[in-house]
*Asks:* 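One structure coming up, written as structure tokens, with questions to follow.
Values below: all heavy atoms of this structure, side chains included; hydrogens, waters and symmetry mates excluded. Lettering of chains follows the sequences in order, A, B, ..., and the numbering in each one begins at 1.
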Number of protein chains: 2
Amino acid sequence: MTIRVLITDDHGVVRQGLRMYLGLDPELEVVGEAANGEEALRMARELGPDVVLMDLLMPVMDGIAATGKIRAELPEVEVIALTSVLEDASVSGAVRAGAIGYLLKNTEADDLGRAIKAAADGQVQLAPEAAMRLMREVRAPESPEALTERETEVLKLVARGKANKQIAHELFVGEKTVKAHVSSILAKLGVQSRTQAALYALRIGLVSMEELNEESW
Amino acid sequence: MTIRVLITDDHGVVRQGLRMYLGLDPELEVVGEAANGEEALRMARELGPDVVLMDLLMPVMDGIAATGKIRAELPEVEVIALTSVLEDASVSGAVRAGAIGYLLKNTEADDLGRAIKAAADGQVQLAPEAAMRLMREVRAPESPEALTERETEVLKLVARGKANKQIAHELFVGEKTVKAHVSSILAKLGVQSRTQAALYALRIGLVSMEELNEESW
DNA sequence: GATAATCTAGTACCAAAGTCGGAGAAGGGA
DNA sequence: TCCCTTCTCCGACTTTGGTACTAGATTATC
């Protein structure tokens, strides 16, 4: 009984590479490739794979959102997050969204095959680094204090390099208001400056490299 | 006569994938894999490949630096930059460093084989997007005014979220000096704030996501 | 030996960022 | 109805960031 795998990654090289490698294992069968979360959801519906390999940083629909939707709709499909991003929020986000595994892209290719088989079997697979993050979160029940909707909006603009004045203008509020939001954001994230907040936002994928490239500066 | 290829990428999955795929082409032979620029240089010396596939975003020694050293020392070895980053400075940087090709990771795997063969033959290979960036740079002889060594150093720290005072402390200079450097950086990059400069540095891969994850904030 | 670039650092100044505390309006529960 | 959160905004303040200009020391270059 072969395990049917759906690959999701926005980079063609990675997709082809995974397909090539996994294709050599007679127990695995790559049934499709998706380039973003939306495609992944659609193809998961159509193909009904056993396991989805899911990149987290993708355009259109990110991997965590896609994972959530797939797991909600097709609970028999297991999802393994396979990403180069290691971040507390990503790990717990993926796990909360229903991923059964979290592996880093520097995982040895051999291990990957084993992890997929284990996942198809319902067994949890975590990279040691990811496991540590989860442990840390459980031990210290530090709810990193979720940002409100508005704060998230502001943070996104900060992470695109905008000044308070510009943000105020874009959101049709006063600069004082923006400052208040920024202060609150810094406190909740535990960072010391808007630059750190911007980098944080990038780190957790709140804004993507692609979005950054839209900025003209 | 097979073409000997050295793969350089810090992600195991990508390396394995490339090796698998390229291995299927009888005209190509993957003679080695390197996980960073330093390894790439060493292995290029030892193995004398015809073509090096070089990721630009890597720890230890970035791809542009490695490209420069390889081309300087082993001019018969051709280097193809293979990366997910598309940025003016990366493209012209790689080209200046001596890369004969610049391809994106979303390149179809078929094209990659063809590109490698062309490169071994001394033919230039550019992704259309990369070609456009080069064109633009040639048309508008806007030399983005290269940063000096020290400025680059400062920018890296800015991009890790450090304040001027911290940077001054780390580099054993006065805060005034750091400010002077930062001002000069902003002017050269054409950006308006340190946050934008930090994002710029990230965009061009001066600092990587991985490095960001080392920061404790 | 002159020239240019870089790194250093100063002064003076202004703008932007961020803090602290308070406060009114709107909306959703309990 | 009362409570809680969020969003809005204020004043007053401190700190950080950034500009403009100048200038000595060092080093590489011609």
Side-chain angles (χ1 to χ4, degrees), chain A residues 141-202 206-207 215-217, chain B residues 65 68 72 89 93 96 141-202 206-207 215-217:
Chain A
E142 39 130 3
S143 53
E145 275 249 63
L147 298 184
T148 66
E149 210 173 322
R150 197 57 158 175
E151 285 162 355
T152 306
E153 222 172 331
V154 171
L155 178 55
K156 278 187 186 172
L157 293 172
V158 168
R160 296 181 70 142
K162 314 263 187 185
N164 290 336
K165 204 175 286 182
Q166 287 178 286
I167 296 173
H169 186 255
E170 273 189 51
L171 298 183
F172 305 106
V173 298
E175 194 187 343
K176 299 283 178 60
T177 305
V178 175
K179 280 189 172 191
H181 286 313
V182 171
S183 279
S184 162
I185 290 167
L186 298 187
K188 285 185 181 176
L189 299 185
V191 300
Q192 282 79 49
S193 69
R194 72 199 290 91
T195 302
Q196 286 183 0
L199 296 173
Y200 177 95
L202 231 87
L206 220 190
V207 299
E215 293 304 322
S216 53
W217 43 258
Chain B
R96 254 192 291 274
E142 38 129 3
S143 54
E145 275 248 62
L147 298 185
T148 66
E149 210 173 322
R150 197 57 158 174
E151 285 163 352
T152 306
E153 222 171 333
V154 171
L155 178 55
K156 277 186 187 173
L157 293 172
V158 168
R160 295 181 70 142
K162 315 262 188 185
N164 289 336
K165 203 174 289 181
Q166 287 178 287
I167 296 172
H169 186 255
E170 273 189 49
L171 299 183
F172 305 106
V173 298
E175 192 187 343
K176 302 286 176 59
T177 305
V178 175
K179 279 188 167 191
H181 285 313
V182 170
S183 278
S184 162
I185 290 168
L186 298 187
K188 286 185 180 176
L189 300 185
V191 299
Q192 282 78 49
S193 69
R194 74 197 290 96
T195 302
Q196 287 183 0
L199 296 172
Y200 177 94
L202 229 86
L206 222 191
V207 299
E215 293 305 322
S216 53
W217 43 258

*Asks:* Looking at every strand, decide which applies to B:Ala163 at a 4.0 Å heavy-atom threshold: base, sugar-phosphate, or nothing.
*Replies:*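 Sugar-phosphate, no base atom in range.
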*Asks:* Find the distance A:Gln192:CD to C:dT19:C1' and express it as a whole number of Å.
*Replies:* 14 Å
*Asks:* Does a side-chain heavy-atom distance below 4.5 Å link B:Arg150 with B:Leu171?
*Replies:*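 A side-chain contact under 4.5 Å exists here.
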*Asks:* Do the side chain of B:Lys179 and the base of D:dG17 come within less than 3.5 angstrom through a donor-acceptor pair of N or O atoms?
*Replies:* yes
*Asks:* Output the single nucleotide from C:dC7, D:dG17, D:dT19 whose closest atom is nearest the side chain of B:His181.
*Replies:* C:dC7
*Asks:* Among D:dT8, C:dT19, C:dT8, which nucleotide sits nearest the side chain of A:Thr177?
*Replies:* D:dT8
*Asks:* In whole Å, what is the span from the CD atom of B:Glu175 to the P atom of C:dT11?
*Replies:* 13 Å
*Asks:* Give the rounded distance in Å between these two atoms: CG of B:Asn164 and P of D:dG18.
*Replies:* 7 Å
*Asks:* Can you check the A:Ile185 CD1 to D:dT8 P distance for me, whole Å?
*Replies:* 12 Å
*Asks:* Can you tell which of B:Glu153, B:Glu175, B:Glu170 makes a salt bridge (Lys or Arg N to Asp or Glu O under 4.0 Å) with B:Lys162?
*Replies:* B:Glu170
*Asks:* Ignoring the backbone of A:Ala180, work out which of D:dG17, C:dT19, D:dC9 is nearest its side chain.
*Replies:* D:dC9
*Asks:* With respect to the side chain of B:Lys165, which nucleotide from D:dT8, D:dG18, D:dT16 is positioned closest?
*Replies:* D:dT16
*Asks:* Please report the distance, rounded to the nearest Å, between CZ in A:Arg194 and C1' in C:dA15.
*Replies:* 13 Å
*Asks:* Counting only side-chain nitrogens and oxygens, does B:Ser183 get under 4.0 Å of the OP1 or OP2 atom of D:dG18?
*Replies:* no
*Asks:* Starting from P on C:dA15, measure out to CD on A:Gln166 and report it in whole angstrom.
*Replies:* 17 Å
*Asks:* Taking atom C1' of C:dA9 as reference, at what distance in whole Å does atom NE2 of B:His169 sit?
*Replies:*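 In whole Å, C:dA9 C1' lies 18 Å from B:His169 NE2.
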*Asks:* Could you measure the distance from the NE2 atom of B:His181 to the CG atom of B:Leu157? Nearest 0.5 Å is fine.
*Replies:*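 Reported to 0.5 Å precision, the distance equals 11.5 Å.
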*Asks:* Go through D:dC7, C:dA17, D:dT8 for me and flag the one nearest to the A:Val173 side chain.
*Replies:*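 Of all the options, the side chain of A:Val173 is nearest to D:dT8.
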*Asks:* Side chain of A:Ser193 only, heavy atoms from C-beta on: which candidate in D:dT8, C:dG18, D:dG18 is closest?
*Replies:* C:dG18
*Asks:* Tell me what A:Glu151 touches on the nucleic acid: a base, only sugar-phosphate, or nothing, going by heavy atoms under 4.0 Å.
*Replies:* nothing
*Asks:* To the nearest 0.5 Å, what is the distance between CG on B:Asn164 and OG on A:Ser193?
*Replies:*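 Taking CG in B:Asn164 and OG in A:Ser193, the distance rounds to 10.5 Å.
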*Asks:* Check the side chains of B:Glu151 and B:Thr148 for a donor-acceptor pair under 3.5 angstrom, ignoring hydrogens and angles.
*Replies:*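 Present: a donor and an acceptor within the cut-off.
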*Asks:* If you compare all heavy atoms of A:Leu202 against all heavy atoms of A:Val207, which two are closest, and at what distance to 0.1 Å?
*Replies:* CD1-CG2, 3.2 Å
*Asks:* If you check the B:Leu186 side chain, which of D:dG18, D:dC7, C:dC7 turns out closest?
*Replies:* D:dG18
*Asks:* Measure from the side chain of A:Lys176, starting at C-beta and using heavy atoms only, and say which of D:dT8, D:dG17, D:dG11 lies closest.
*Replies:*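 Among the listed nucleotides, the one closest to the side chain of A:Lys176 is D:dG11.
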*Asks:* So what does A:Thr148 hit on the nucleic acid, given a heavy-atom distance under 4.0 Å: a base, only sugar-phosphate, or nothing?
*Replies:*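 Contact class for A:Thr148: sugar-phosphate only.
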*Asks:* CG of A:Leu147 versus P of D:dC7: gap in Å, rounded?
*Replies:*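 Distance check: A:Leu147 CG to D:dC7 P gives 10 Å.
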